[in-house]
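Shown next, in structure tokens, is the structure this report addresses.
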Amino acid sequence: MQAASFISWILLILSVIGGNYGKQQLPPVILVPGDGGTRIEGKLNKPSHGPHVTCTKVTKHYYTMWVRIFSVLTPAATDCFVANFRLIYNNKTHTTSYPDGVDIRVPGFGNTESVEWLTDFHISKKLVGYYAMIVQNMVKWGYVRNKTVRGAPYDFRKAPNEMSGYYSQLSKLIEETYTINNNSKVVLLGHSLGNLVILYFLNQKPQEWKDKFIGSFVTLAAPWGGSVKTVKMQASGDDMNIATVKALRARSVQRSMPSSAFLLPSDQFWNKTEVLIQAPTRNYTVGDYKQFFTDINFPDGYLMRKDTENLVNPRKPPNVEVHCLYSYGLPTAKTLVYTKDEWPDKQPKPINEDGDHTVSLRSLEGCLRWKTLQKQPIYLKRFHGIKHLDMLKEDVVIDYIKSILVK
Ligand SMILES: *[C@@H]1O[C@H](CO)[C@@H](O)[C@H](O)[C@H]1NC(C)=O
Ligand SMILES: *[C@@H]1O[C@H](CO)[C@@H](O)[C@H](O)[C@H]1NC(C)=O
Ligand SMILES: *[C@@H]1O[C@H](CO)[C@@H](O)[C@H](O)[C@H]1NC(C)=O
Ligand SMILES: *[C@@H]1O[C@H](CO)[C@@H](O)[C@H](O)[C@H]1NC(C)=O
Ligand SMILES: *[C@@H]1O[C@H](CO)[C@@H](O)[C@H](O)[C@H]1NC(C)=O
């Protein structure tokens, strides 16, 4: 073979490889966060200081309200935070609003920043990193922030019944992301509550729209049938794993969130014979929510449950390709046992079952029920011993996500 033709032959091979490589477009990804998984900003112009004279009454600008570590370092600061961050439920209109003089906005729609990091200083991945680990890896695989990987944050305190504005924004974001990426179908990647938010959205969309715009739905640690943890939030509050937070102080925020009611264990996943709460004077099952909310002196909670209990239905599949990722093998509350002294204001002792420490296995595997209900494939990937939030951080999970996205 002559040198010249040999070289042109090599060049041809290289151009074929290079050309193929160039066409191997990464599918664009939109990240939808879970409960607590995005920054929320507030601006205050309140009629009074609120619970303490030290609480700020007026701010000039929007500031990061969630997460602001300083907000929960002392009991008084926590009270100020709670007063501003809780929602006010109107039991006639069945909608929530912000406290008097508090304005709220969710920054960074379309971008990844506010779902990667919960504070504007990127100190600790463990404490304030959310999608950061996944996105940093995606960038190594060739993704570009705000173009091929984007974020769709929302006010995670609300449930889908109050999110119509978000859903029209999300729809536009998906279409725009498809267009700016050479008409490539979009992958929706959700964590925890974010997956139910996506499922509700997909359930409302026409099939032709989904066939055109959605490549697949990748679900991390989705509580398809709810979580017993939210029962505890309602009864006694949860300290959100922050050492300086007293669960009981956080309870009024947690109770005020329709998303907490939305995530209560579903009667499609828990049997009415199973005890969720063992209290001194009676036991409560999924069939006893009315009595439960009456007994904890929070009757609006039952109305919020009624508003949200049928928003998603385990027999209504998304009708797009699904990759269902979750972990099991960790003790996860099944029944909360309260002594006379603990009920309902102190923390109960759990009786556990299998799960990811936050969500029971039976709820995580709810995606499998769609196998016979939709044409599109459902791929299952189970991990062992990875906690609910660590599904966003562990290398084995991130490697698996890579195998879905990078062909
Ligand atoms: C609705 O809220 C009002 C004011 O908080 C309260 O007095 C009333 O009992 C509530 N109604 C129901 C049905 O919970
Ligand atoms: C993405 O958008 C955010 C928010 O607007 C911005 O801070 C960040 O620099 C952008 N990143 C890139 C790579 O453009
Ligand atoms: C867009 O897609 C077309 C058809 O598949 C392809 O020929 C073209 O190279 C792509 N452009 C980019 C920028 O990827
Ligand atoms: C609930 O438990 C009862 C008694 O164990 C059983 O007969 C029934 O099938 C269960 N129902 C569901 C929905 O699993
Ligand atoms: C609650 O259920 C437990 C077992 O699940 C049982 O031992 C207890 O007697 C029940 N308590 C009441 C008040 O019914």
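Nothing here was measured: the structure is a model prediction, and the numbers come from that model. Every number for a ligand or one of its atoms is a count from 1 in the order of the listing. Count residues from 1 along the sequence.
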Nearest to atom 3 (C) of ligand 5, what protein heavy atom do you find, and at what distance?
N283 ND2, 3.6 Å

Looking only at the aromatic ring of each residue, does the gap between the centers of Y130 and H191 stay below 6.0 angstrom?
yes

Can you figure out which of V149, N111, T112, N146 has its heavy atom closest to atom 10 (C) of ligand 2?
N146

Would you verify that at least one protein heavy atom lies under 4.0 Å from atom 7 (O) of ligand 1, or report that none does?
no

Do the charged groups of D300 and R255 touch, with an N to O distance under 4.0 Å?
no

Considering only the protein, which heavy-atom contact is closest to atom 4 (C) of ligand 5, and what is its distance?
Q278 OE1, 4.0 Å

Between R39 and D120, is any pair of side-chain heavy atoms under 4.5 Å apart?
yes

Just which atoms of ligand 5 are under 4.0 Å from any heavy atom in T281?
13 (C)

Do the side chains of K185 and E321 get close enough for a salt bridge, i.e. N-O under 4.0 angstrom?
no

Which ligand 1 atoms does D300 reach within 4.0 Å, using its non-hydrogen atoms?
14 (O)

Heavy-atom nearest neighbour of atom 1 (C) of ligand 1 within options N91, T294, N90:
N91

If we set the cut-off at 4.0 Å for heavy atoms, which region of T335 has an atom near ligand 5: side chain, backbone, both, or neither?
neither

Minimum side-chain heavy-atom gap R145-Q136 below 4.5 Å:
yes

In the structure I gave you, are the side-chain heavy atoms of Y326 and W224 within less than 4.5 Å of one another anywhere?
no

Pair W343 and Y284, ring centroids less than 6.0 Å apart:
yes

Please tell me if atom 14 (O) of ligand 1 is touched by the protein, where touching means a protein heavy-atom distance below 4.0 Å.
yes

